[in-house]
A.B. asks: 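Below are the structure tokens for one structure; questions will follow.
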Amino acid sequence: QLGDNIKNAVRNAANKTVDITFSAVPETYEEFVSLPEAKMETPFETAAMTVLAFCVYPKDRELSVKMLNYLRGPRPMSGMDINFIRDRFMDGKDYVPRSYFDGATPENNYLPSEPYTITVSSNPYSYQNEGYATLYVTSGGADSPRSIQLRKAKDGKWYLWEQLILA
């Protein structure tokens, strides 16, 4: 009985859902880095900021890459990473990052409700590797949540390590 109670407590602690809300999609780098979530104190904040940075891409590729590199911290994107992102946006797929905002569905052409809310969640396997977190964001156009992996650095910030949200 006690062992089951402990297992359930650990499982419930790992099943966490956080809604992070933004009043607007930033239009400048300064606006982006001045958001409270840009402190990257939790992996949930960095995951939500990742979605926000991708939302900028259709309007300003260079700015989006600069935002993503901020989130990556000491590990900027390679040319291959940048080409991968560019390829994901080909064929008019600019709606994909918007699909992670609450209320954005295929039926409304992925137009989210305002303010913009991103739901980020963890599960019992999110913290299997020390110093890393694998969190999940839900898309209005996908059957299952997509993962974002984050790494906690020596400075205490959670940096973007890998993302599978453009699949």
A.B. asks: For Ser99, which of Ser139, Pro106, Pro112 qualifies under side-chain contact (heavy atoms from CB on, under 4.5 Å)?
C.D. replies: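 Answer after filtering Ser139, Pro106, Pro112: Ser139.
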
A.B. asks: For Leu68 versus Ala53, what's the shortest heavy-atom pair and its separation?
C.D. replies: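 Of all heavy-atom pairs spanning Leu68 and Ala53, the closest is CD2-CB, 3.7 Å.
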
A.B. asks: Please answer whether the main-chain N or O of Phe84 pairs with a side-chain N or O of Asp87 as donor and acceptor at a distance below 3.5 Å.
C.D. replies: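 Such a contact is absent between Asp87 side chain and Phe84 backbone.
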
A.B. asks: For Ser121 and Val18, run side-chain contact (heavy atoms from CB on, under 4.5 Å): C-alpha distance rounded to whole Å, both residues' side-chain angles, the deciding distance at 0.1 Å, then the answer.
C.D. replies: CA-CA 6 Å; Ser121 57; Val18 176; over 6 Å; no

A.B. asks: So do the side chains of Leu166 and Phe54 get within less than 4.5 Å of each other, counting heavy atoms only?
C.D. replies: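 A side-chain contact under 4.5 Å exists here.
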
A.B. asks: Which pairs would a plain distance check flag for residues 34-51, meaning a side-chain donor or acceptor within less than 3.5 Å of a matching protein atom at least two apart in sequence or in another chain?
C.D. replies:
| unit_1 | atom_1 | unit_2 | atom_2 | d |
| --- | --- | --- | --- | --- |
| Ser34 | OG | Glu30 | O | 3.0 |
| Ser34 | OG | Glu31 | O | 3.0 |
| Thr42 | OG1 | Phe44 | N | 3.4 |
| Thr42 | OG1 | Glu45 | N | 3.1 |
| Glu45 | OE1 | Glu41 | N | 2.9 |
| Glu45 | OE1 | Thr42 | N | 3.3 |
| Thr46 | OG1 | Trp158 | O | 2.6 |
| Thr50 | OG1 | Thr46 | O | 2.8 |

A.B. asks: Just by distance, no angles: are the side chains of Thr138 and Thr119 close enough, under 3.5 Å, to form a donor-acceptor pair?
C.D. replies: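 Absent: no donor and acceptor within the cut-off.
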
A.B. asks: Looking only at side chains, do Asn129 and Tyr125 share a donor and an acceptor under 3.5 Å apart?
C.D. replies: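 Side chains of Asn129 and Tyr125: no pair found under 3.5 Å.
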
A.B. asks: Would you give the length of the straight line joining atom OH of Tyr116 to atom CZ of Phe22, rounded to the nearest 0.5 angstrom?
C.D. replies: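 Going from OH on Tyr116 over to CZ on Phe22, the span is 12.0 Å.
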
A.B. asks: Can you tell me if Tyr110 uses its side chain to pair, donor with acceptor, with the backbone of Pro97 under 3.5 Å?
C.D. replies: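 No, because the side chain of Tyr110 does not come within donor-acceptor range (under 3.5 Å) of the backbone of Pro97.
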
A.B. asks: Nearest 0.5 Å, what's the NZ-CG distance between Lys157 and Leu71?
C.D. replies: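 Taking NZ in Lys157 and CG in Leu71, the distance rounds to 10.5 Å.
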
A.B. asks: Which atoms form the tightest heavy-atom contact between Ser147 and Ile165, and what is the distance?
C.D. replies: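 Smallest heavy-atom distance, with atoms named: O-CG2, 3.9 Å.
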
A.B. asks: How about Val137 and Pro145: do any of their side-chain heavy atoms sit closer than 4.5 Å?
C.D. replies: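 When only atoms from C-beta onward are counted, Pro145 and Val137 do not touch, as no gap falls below 4.5 Å.
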
A.B. asks: Quick one, Pro26 and Leu52 - any side-chain contact, counting heavy atoms below 4.5 Å?
C.D. replies: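 Sidechains of Leu52 and Pro26: in contact.
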
A.B. asks: Given side chains that start at C-beta, do those of Arg61 and Arg86 come closer than 4.5 Å, heavy atoms only?
C.D. replies: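 Yes, their side chains come closer than 4.5 Å.
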
A.B. asks: Of the non-hydrogen atoms in Arg75 and Leu160, which two are nearest, and what is the gap between them?
C.D. replies: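 That would be NH1-O, 3.9 Å.
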
A.B. asks: Roughly how far apart are Ile148 CD1 and Thr134 OG1, rounded to 0.5 Å?
C.D. replies: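 The CD1 atom of Ile148 sits 10.5 Å away from the OG1 atom of Thr134.
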
A.B. asks: Could you give the distance from CG (Asp19) to CD1 (Ile118), rounded to the nearest 0.5 Å?
C.D. replies: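 The CG atom of Asp19 sits 10.0 Å away from the CD1 atom of Ile118.
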
A.B. asks: Taking the side chain as C-beta and beyond, is there a heavy-atom pair between Ile20 and Thr117 under 4.5 Å?
C.D. replies: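 A side-chain contact under 4.5 Å is absent here.
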
A.B. asks: Give the intermediate values and the outcome of side-chain contact (heavy atoms from CB on, under 4.5 Å) for residues Tyr127 and Tyr132.
C.D. replies: CA-CA 6 Å; Tyr127 299 95; Tyr132 292 86; over 6 Å; no

A.B. asks: For the atom pair CD1 (Ile85) and CE (Met90), what is the distance rounded to the nearest 0.5 Å?
C.D. replies: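 These two atoms lie 14.0 Å from each other.
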
A.B. asks: Quick check on the hydrophobic clustering: are Trp161 and Ile82 connected, directly or via other members, by side-chain heavy-atom contacts under 4.5 Å?
C.D. replies: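 As far as the 4.5 Å side-chain criterion goes, Ile82 and Trp161 are not connected within one cluster.
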
A.B. asks: Should Arg72 and Asp81 count as an ion pair when the cut-off is N to O under 4.0 Å?
C.D. replies: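 Answer for the salt bridge query: yes.
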
A.B. asks: In Å and rounded to the nearest 0.5 Å, what is the CG to CZ distance from Asn83 to Arg88?
C.D. replies: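 It comes to 10.5 Å.
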
A.B. asks: Can you confirm whether the side chains of Ser122 and Asn15 place a donor and an acceptor under 3.5 Å from each other?
C.D. replies: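 The answer is no; no qualifying pair exists.
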
A.B. asks: Below 4.5 Å, heavy atoms only, C-beta onward: do Tyr136 and Asn123 meet side chain to side chain?
C.D. replies: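 A side-chain contact exists here, since the closest heavy-atom pair is under 4.5 Å.
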
A.B. asks: Between Ser64 and Asp60, is any pair of side-chain heavy atoms under 4.5 Å apart?
C.D. replies: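 Result no, sub-4.5 Å side-chain heavy-atom pair not found.
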
